[in-house]
Structures are given as structure tokens and as C-alpha cells.
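This is a predicted model, so every value here is computed, not measured. Reckoned from all heavy atoms, side chains included, excluding hydrogens, waters and symmetry mates. Each ligand, and each atom within it, is numbered from 1 in the order the structure gives.
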Amino acid sequence: MEKGFFIVFEGPDRSGKSTQAALLKAWLEENGFDVILTREPGGTALSEQVRKILLDPNGKVSPLAELFLFSASRSQHTAEIIKPAIAAGKIVISDRFTLSTEAYQGYGRGLPLDEIQTINNIASESIQPDLTILFDIPEQEFEKRMRAEETKNGTDRFESEHLDFRSKIHKAYKDFAQRKGIKKIDASKSIDDIRKEVLRLVKEIIIK
Ligand SMILES: Nc1ncnc2c1ncn2[C@@H]1O[C@H](COP(=O)(O)OP(=O)(O)OP(=O)(O)O)[C@@H](O)[C@H]1O
Ligand SMILES: [Mg+2]
């Protein structure tokens, strides 16, 4: 059996990752592909438990504990879901992956990036995405979406961080966009325009 594909969606909170991940999954399935849509932190029973701890607005978690919790979640997710699905020829879409750790725990919390990259490699068993799509959202647009949802659903521990933290996350993703192999998308465009752009990028790798 041919090896599958591993596609990762990255970007700050509210940049539209989950919206587009669901649309991509639907398109791929309509076109006969076998798809696993998963997310970080989460994706397995253990990881969903960890997700609850990590996102609890009242929780107290040190930066280093946070790094290891995310990493524990990722190693389970990699071993239980991602690797077997790719080996079985499926297309795996992960809503966030290792770059989120570099952004939030590295740029955000100030932990050393080289150490984070080492831990990321261990937790992910060094699997590399075939495609990473980075959702680039201007801070004003982010604030607008944030306010629209806050009233509806409340905020999690990361979303309630102050402006300075969020600016660091935006800076992180700006830097990552320069890295080789990362495809940036303007997330302030319409949902349908972004959907088409995502499809174009995905077709480049899956249709040979
Ligand atoms: N292109 C777009 N234009 C305007 N609003 C959008 C767009 N894409 C998504 N939204 C809206 O913005 C909000 C955030 O979208 P979504 O949940 O997909 O983002 P996310 O990147 O998954 O966020 P999080 O990191 O918080 O999970 C939702 O209310 C969604 O409907
Ligand atoms: Mg989401």
C-alpha cells in the first residue's frame, strides 16, 4: 500500500484553521480519499484529557509543565493516530502540530527554542508534514473574531492571555512563514477564497 499524506494547519487562535480543516476533509472525502481529521492538543483519549488540563481557564500550569503536557499529548497522538494512518495510506489533517509548541511555549512563554525543537522531534518521532499551511491573520482581524466569540463561548487559558502574549504568537508565525516548505495563506480573505487556496496547495502534493 502506498504511504499517505500528512497535512498540518497552523496559525494563531481564530485564524480559521478548524473551519478550513473541516472543509478540506469534506472535499477529500467527496473525491474518494480516506481522511483522518485530528487536532492538537487532543486526538486520542489520553490527549483529550491533557487538553482539558491545558485549556482550563482556572488551571495553574508552569511553562515547563505546559511544554511536557503538550509533548506527552503529541507523542500519544503520533503513535496512536498519525503514524498508523499515514502507514495505511490515509490523508491525515492535523489542526496544529509542532509549530504551535514553538510559538506558544517558545515565543510566548520564553522557553529556549532549540530545546523545544529537540523535545518536539522526540514527541513526534521526527515525522515531518508533507504540507504545512500557515494561516496568517492580521492582529486587528483576530481581535474582531475574538470579541465576536467571547460573548458566545467565553475564553480558554491561552485566549485569555493579555495582548503582549498574543503579539508574541503573531511574531512567531510571521517568522515561521519564512521557513522552507511552509505555505502561508492570507487568513483575512473570505472562507471560500481560502478554501480554494487550500485545495490548490493540497492538490499539488496529492495529485501527481
Ligand atoms: N475567512 C474567514 N473570515 C471571517 N471569519 C472567519 C473566517 N474563517 C473562520 N472565521 C470565523 O472565525 C472564527 C474562528 O475560526 P476557527 O475556529 O476556524 O479558527 P481556529 O484557527 O480553528 O481557531 P482556534 O485556534 O481558536 O481553534 C469562527 O467564528 C469562524 O466562523
Ligand atoms: Mg480551531
Side-chain angles (χ1 to χ4, degrees), residues 6-28 35-44 47-57 59 61 66 69-70 73-74 77 81-82 92-109 129 131-163 165-177 182-202:
F6 183 31
I7 299 167
V8 169
F9 283 11
E10 279 283 2
D13 294 337
R14 297 297 186 269
S15 54
K17 302 177 297 295
S18 303
T19 303
Q20 294 296 333
L23 291 171
L24 175 62
K25 176 178 192 271
W27 184 89
L28 288 167
V35 185
I36 301 280
L37 171 56
T38 184
R39 66 174 182 178
E40 288 210 342
T44 67
S47 310
E48 291 293 339
Q49 288 294 109
V50 174
R51 181 185 180 93
K52 269 194 208 136
I53 299 171
L54 281 166
L55 301 186
D56 177 359
V61 188
E66 188 178 271
L69 282 167
F70 273 111
S73 165
R74 174 164 307 128
H77 188 216
I81 307 284
I82 302 174
V92 178
I93 309 166
S94 187
D95 190 342
R96 295 191 179 280
F97 200 53
T98 50
L99 283 185
S100 289
T101 314
E102 290 193 51
Y104 288 78
Q105 283 67 53
Y107 283 68
R109 305 283 187 224
L131 174 65
T132 297
I133 300 180
L134 199 159
F135 289 70
D136 183 39
I137 185 168
E139 280 188 64
Q140 300 93 311
E141 175 66 21
F142 164 79
E143 294 297 333
K144 207 171 88 191
R145 289 186 197 177
M146 187 79 183
R147 276 194 300 275
E149 280 199 11
E150 238 165 24
T151 30
K152 257 191 343 208
N153 310 322
T155 53
D156 69 35
R157 205 168 53 85
F158 288 88
E159 291 164 347
S160 55
E161 296 278 352
H162 51 71
L163 218 64
F165 183 81
R166 287 194 219 141
S167 295
K168 289 177 183 167
I169 303 306
H170 274 86
K171 163 86 170 80
Y173 282 111
K174 274 214 160 47
D175 288 354
F176 300 158
I182 291 180
K183 305 287 186 184
K184 186 171 88 171
I185 277 190
D186 178 357
S188 61
K189 289 186 180 166
S190 74
I191 289 178
D192 199 51
D193 282 351
I194 298 170
R195 186 185 65 85
K196 287 177 188 148
E197 178 69 8
V198 167
L199 271 187
R200 189 183 67 73
L201 292 169
V202 169

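Minimum heavy-atom separation, S94 to H77: OG-CE1, 3.7 Å. Contact detail for Y107 and K168: the closest heavy-atom pair is O-CD, 3.3 Å. Of all heavy-atom pairs spanning F70 and P41, the tightest one is CE2-CG, 3.6 Å.
Salt bridge present: R39 and E48 bring a charged side-chain N and a carboxylate O closer than 4.0 Å. A salt bridge is absent between K52 and D56: the closest approach of a Lys/Arg side-chain nitrogen to an acidic carboxylate oxygen does not fall below 4.0 angstrom.
Protein N/O/S atoms nearer than 2.8 Å to the Mg ion (ligand 2) total 1.
Closer than 4.0 angstrom to ligand 1 lie heavy atoms from P12, D13, R14, S15, G16, K17, S18, T19, R96, R145, E149, E159, A187, K189, S190, I191, I194.
Remark: aromatic rings of F6 and F97 are close, center separation under 6.0 Å.
Atom CG of D95 is separated from atom CD of E40 by 9.5 Å, given to the nearest 0.5 angstrom.
Under the 30°/60° scheme for interplanar angles, the aromatic rings of F165 and Y104 are found to be tilted.
With no hydrogens or angles considered, a side-chain donor-acceptor pair links S100 and Y173 at under 3.5 Å.
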